[in-house]
Amino acid sequence: MDRIFSGAQPTGNLHLGNYLGAIRNWVALQKDFECVFCVVDLHAITVWQDPQELRSNIRELAASMIASGIDPQKHVLFNQSQVSAHAELAWIFNCVARIGWLNRMTQFKEKAGKNRENASLGLYAYPSLMAADILAYKATHVPVGEDQKQHLELTRDIAIKFNNDFGVDFFPTPEPLILGPATRVMSLREGTKKMSKSDTSDMSRLNMTDDADTLSRKIRKAKTDAEPLPSEAAGLEGRPEARNLVTIYAALMDQGVDAVLSEHGGTQFSGFKQALTDVVVDKLAPITTEMARLKNDIPYIDSVLSKGADRADAIAQPILREVKEIVGFLNR
Ligand code: AMP
Ligand code: TRP
C-alpha cells in the first residue's frame with residue numbers, strides 16, 4: 001500500500017517556497033494516497049527555540065496546512081513530539097547510520113556554520129530522526145522540496161542497511177517526490193540563494209502571513225536586471241532573478257514558463273511585477289485569511305493535533321513493536 005509522509009518545521013515565517021515546493025503538492029496528493037503530515041517540532045529544537053514562540057509556531061503551521069487544503073479528517077495531521085515512536089526509532093537508527101554518512105550532509109554544514117563544534121548533537125543527528133519519521137509509517141513516497149533530496153537518500157541508505165544488518169525485508173526504500181514547477185523558490189534579494197525562513201532579511205521572502213501591501217512592496221523591491229523579459233525560456237539563462245519571478249508566476253498560474261514568456265516577453269519588470277503581485281495576492285489571500293481565523297481557534301487546532309496523534313500512534317506503534325522484535329528487545 002502506498003503511503004505518503006511529509007513534514008515541515010514549526011520555526012515561523014512560512015513562505016511561498018514552503019507553499020509551492022511542499023504544501024501545495026501535499027494537498028494535491030491527498031486525492032490518490034493515504035497521507036501522514038507532521039509538524040516536526042523535535043526537528044525544530046535542533047537549533048534554539050523560545051518555548052512560547054515554539055508553541056505558537058506549532059499551532060500556526062498546523063493552521064496554515066489546514067488553510068492550504070490539508071484535510072485532517074481524511075488524512076493524518078499531528079505534531080511529532082506527541083508520538084513517541086519518532087524519538088524511539090531515531091535512536092535505533094542512530095545505531096544503524098554511520099558517522100561518515102552524516103558527515104556528508106550539506107544542510108548540517110550550512111546550519112552549523114563555522115562554529116561546528118558548538119552545534120547541537122541533535123542538529124547532527126537530524127537526518128536520522130527524519131528517517132525515523134518516514135519509516136515509522138513505512139511510507140513509500142515523500143513529497144519535499146529539492147533541498148531535502150540528500151536527506152531522503154540517507155533515509156533510503158538507513159532502510160537498506162537495517163534490512164541487511166538484520167537479514168529482513170522490513171522497511172521500504174521511500175521515493176522522494178520532488179514535484180511541480182517550483183521545487184526551489186529563490187530569495188527575492190539574491191536569485192542564487194533559496195528563499196528561506198532563516199534569512200535575516202524579511203524582504204527576501206513572501207511570507208504566508210504577509211498582507212497585500214507587504215507582498216506588493218516586497219515584489220516591487222525584488223532584485224532584477226535591466227533587460228526586459230525574454231520571450232522564451234532559453235533567454236532566462238544567466239538571469240536567476242528573472243527566472244525566479246517567472247517561475248513563481250508560472251507555478252501560481254499553473255502555466256508553463258514558455259506560456260508565461262510568450263505572453264509577457266518584451267515587457268519591462270515594472271509591468272511584470274504588477275502582474276505578479278496581482279497573482280500572488282489573489283492566490284494567497286484566501287489562505288492567509290483562513291489561516292488567521294484558524295490560528296485564533298486554539299481549542300480546535302489542539303484537538304485536531306491530538307486526534308491526529310492518536311491516529312499516527314495507531315500506525316506507528318505496531319511497526320515499532322516489530323522493529324524491537326527484530327533488534328532483539330523485549331516487548332511488553
Ligand atoms: P522547512 O520549512 O525547512 O521545514 O521545509 C518545509 C518544506 O518546504 C520542505 O519540503 C522543503 O523542501 C520545502 N522548501 C523550503 N524552502 C523551499 C524553497 N525555497 N523552495 C522550494 N521548497 C522549499
Ligand atoms: N527536514 C525537513 C525540512 O526541513 C522536514 C522534515 C522532517 C521532513 N521530517 C521529515 C520532510 C520527513 C519529509 C519527511 O524541510
Side-chain angles (χ1 to χ4, degrees), residues 3-27 29 35-47 49 57-58 60-61 64-65 68 70 78-81 83 85-87 89-90 93 105-108 110-111 122-123 125-156 158-159 174-199 204-208 240 243-244 247-248 251 312 316:
R3 182 181 282 150
I4 295 275
F5 184 97
S6 200
Q9 299 192 64
T11 40
N13 295 333
L14 199 72
H15 54 71
L16 194 68
N18 299 128
Y19 180 67
L20 292 177
I23 297 175
R24 192 172 77 148
N25 298 325
W26 303 356
V27 172
L29 288 162
C35 300
V36 182
F37 296 120
C38 185
V39 175
V40 294
D41 46 11
L42 297 176
H43 276 110
I45 63 161
T46 56
V47 296
Q49 303 295 326
N57 285 336
I58 292 169
E60 181 177 291
L61 181 55
S64 68
M65 288 182 185
S68 304
I70 300 293
F78 71 108
N79 66 303
Q80 197 182 22
S81 62
V83 178
H86 294 253
L89 188 58
F93 286 169
M105 294 296 112
T106 53
Q107 186 171 300
F108 174 74
E110 275 164 29
K111 286 200 180 175
L123 188 66
Y126 179 115
S128 169
L129 175 60
M130 181 160 160
D133 296 340
I134 297 165
L135 294 171
Y137 302 87
K138 290 194 173 179
T140 53
H141 296 83
V142 184
V144 282
E146 218 168 76
D147 59 341
Q148 296 301 312
K149 209 170 150 196
Q150 195 185 36
H151 288 160
L152 251 294
E153 276 157 20
L154 189 92
T155 299
R156 292 163 61 89
I158 289 178
E175 299 282 341
L177 294 177
I178 299 177
L179 301 169
T183 54
R184 195 169 163 81
V185 177
M186 308 312 276
S187 155
L188 298 183
R189 309 301 296 166
E190 214 180 318
T192 50
K193 231 171 83 179
K194 75 168 183 177
M195 186 176 284
S196 161
K197 286 173 177 176
S198 53
D199 198 312
S204 70
R205 63 185 161 255
L206 300 172
N207 295 313
M208 301 292 288
R243 179 188 296 281
N244 190 37
T247 305
I248 292 173

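All values below were derived from every heavy atom in this structure, side-chain atoms included, with hydrogens, water molecules and symmetry-related copies excluded. Both counts, for ligands and for their atoms, begin at 1 and track the order of listing.
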Contact partition for His43 relative to ligand 1, non-hydrogen atoms under 4.0 Å: neither
Closest protein heavy atom (residue, atom, distance) for atom 9 (N) of ligand 2: Asp133 OD2, 2.7 Å
Arg24 (side chain) donor-acceptor with Ala251 (main chain) under 3.5 angstrom: yes
Val142 backbone acceptor or donor facing Ser6 side chain under 3.5 Å: no
Verdict with supporting geometry, Leu154 and Ile158, side chain to side chain contact (heavy atoms under 4.5 Å, CB included): CA-CA 6 Å; Leu154 189 92; Ile158 289 178; 4.1 Å; yes
Heteroatom proximity flag, Tyr126 to ligand 2, N/O under 3.5 Å: yes
Side-chain (His43) to main-chain (Tyr126) donor-acceptor, under 3.5 angstrom: yes
Non-hydrogen atom of Met186 closer than 4.0 Å to ligand 1: no
Enumerated ligand 1 atoms positioned under 4.0 Å from heavy atoms of Thr183: 20 (N), 21 (C), 22 (N)
Proximal atoms of ligand 2 relative to His43 (non-hydrogen, under 4.0 Å): 7 (C), 9 (N)
Under 3.5 Å donor-acceptor, Lys111 side chain and Thr46 backbone: no
Subset of ligand 1 atoms that lie under 4.0 Å from at least one heavy atom of Ala22: 7 (C), 8 (O), 10 (O)
Region of Asp147 engaging ligand 1 - heavy atom pairs below 4.0 Å: side chain
Sub-4.0 Å atoms of ligand 1 with respect to non-hydrogen atoms of Lys197: 1 (P), 2 (O)
Geometric N/O contact Gly145 with ligand 1, under 3.5 angstrom: yes
Side-chain donor or acceptor of Arg205 paired with backbone N/O of Asn13 under 3.5 Å: no
Which atom of Leu29 lies closest to which atom of Cys35, heavy atoms considered: O-SG, 4.0 Å
Any N or O of Ala182 closer than 3.5 Å to N or O of ligand 1: no
Atoms of ligand 2, numbered as shown, that sit under 4.0 Å from any heavy atom of Val40: 7 (C), 9 (N)
Sub-4.0 Å atoms of ligand 1 with respect to non-hydrogen atoms of Gln9: 4 (O)
Note: Lys193-Asp199 ion pair, threshold 4.0 Å (strictly below): yes
Which residue and heavy atom of the protein sit nearest atom 16 (N) of ligand 1, plus the separation: His15 CE1, 3.5 Å
Candidate pair Val36 and Phe78, rule side chain to side chain contact (heavy atoms under 4.5 Å, CB included), full reasoning: CA-CA 8 Å; Val36 182; Phe78 71 108; 3.5 Å; yes
Polar contact flag for Ala8 and ligand 1 (N/O pairs, less than 3.5 Å): no
Nearest protein heavy atom with distance in Å, relative to atom 6 (C) of ligand 1: Asn18 ND2, 3.6 Å
Ligand 1 N/O within reach of Trp26 N/O, cut-off under 3.5 Å: no
Backbone N/O of Ser81 and side chain of Asp41: donor-acceptor pair under 3.5 Å: yes
Side-chain donor-acceptor contact under 3.5 Å, Gln107 with Asp147: no
Ligand 2 versus Ile134: contacting region, heavy-atom distance under 4.0 Å: side chain
Shortest non-hydrogen separation from Met65 to Ile23 and the atoms involved: CG-CD1, 4.5 Å
Element-labelled atoms of ligand 1 that are located less than 4.0 Å from some non-hydrogen atom of Gly21: 21 (C), 22 (N)
Shortest protein heavy-atom distance from atom 12 (C) of ligand 2, along with the residue and atom involved: Phe5 CE2, 3.5 Å
Atoms in ligand 2 flagged as close to Val142, the criterion being non-hydrogen separation under 4.0 Å: 13 (C), 14 (C)
Residues Val185, His15; criterion side chain to side chain contact (heavy atoms under 4.5 Å, CB included); working and verdict: CA-CA 10 Å; Val185 177; His15 54 71; over 6 Å; no
Distance from atom 5 (C) of ligand 2 to nearest protein heavy atom, with residue and atom: Gly7 O, 3.5 Å
Evaluation steps, side chain to side chain contact (heavy atoms under 4.5 Å, CB included), between Thr11 and Val47: CA-CA 10 Å; Thr11 40; Val47 296; 5.5 Å; no
Any donor-acceptor pair under 3.5 Å from Gln80 side chain to His86 backbone: no
Under 3.5 Å: N/O of Gln148 near N/O of ligand 2: yes
Close N or O approach (Gln9, ligand 2; < 3.5 Å): yes
Ligand-residue contact atoms, ligand 1 with Arg184, heavy atoms, under 4.0 Å: 20 (N), 21 (C)
Which segment of Val144 sits under 4.0 Å of ligand 2 when only heavy atoms are counted: side chain
Nearest heavy-atom neighbours spanning Asn25 and Gly21: ND2-O, 3.3 Å
Side-chain (Glu146) to main-chain (Thr183) donor-acceptor, under 3.5 angstrom: no
Numbered atoms and elements of ligand 1 in range of Gln148, under 4.0 angstrom, heavy atoms: 12 (O)
Minimum-distance protein heavy atom relative to atom 22 (N) of ligand 1: Gly17 O, 3.1 Å
Residue and atom name of the nearest protein heavy atom (relative to atom 20 (N) of ligand 1), distance in Å to one decimal: Val185 N, 2.8 Å
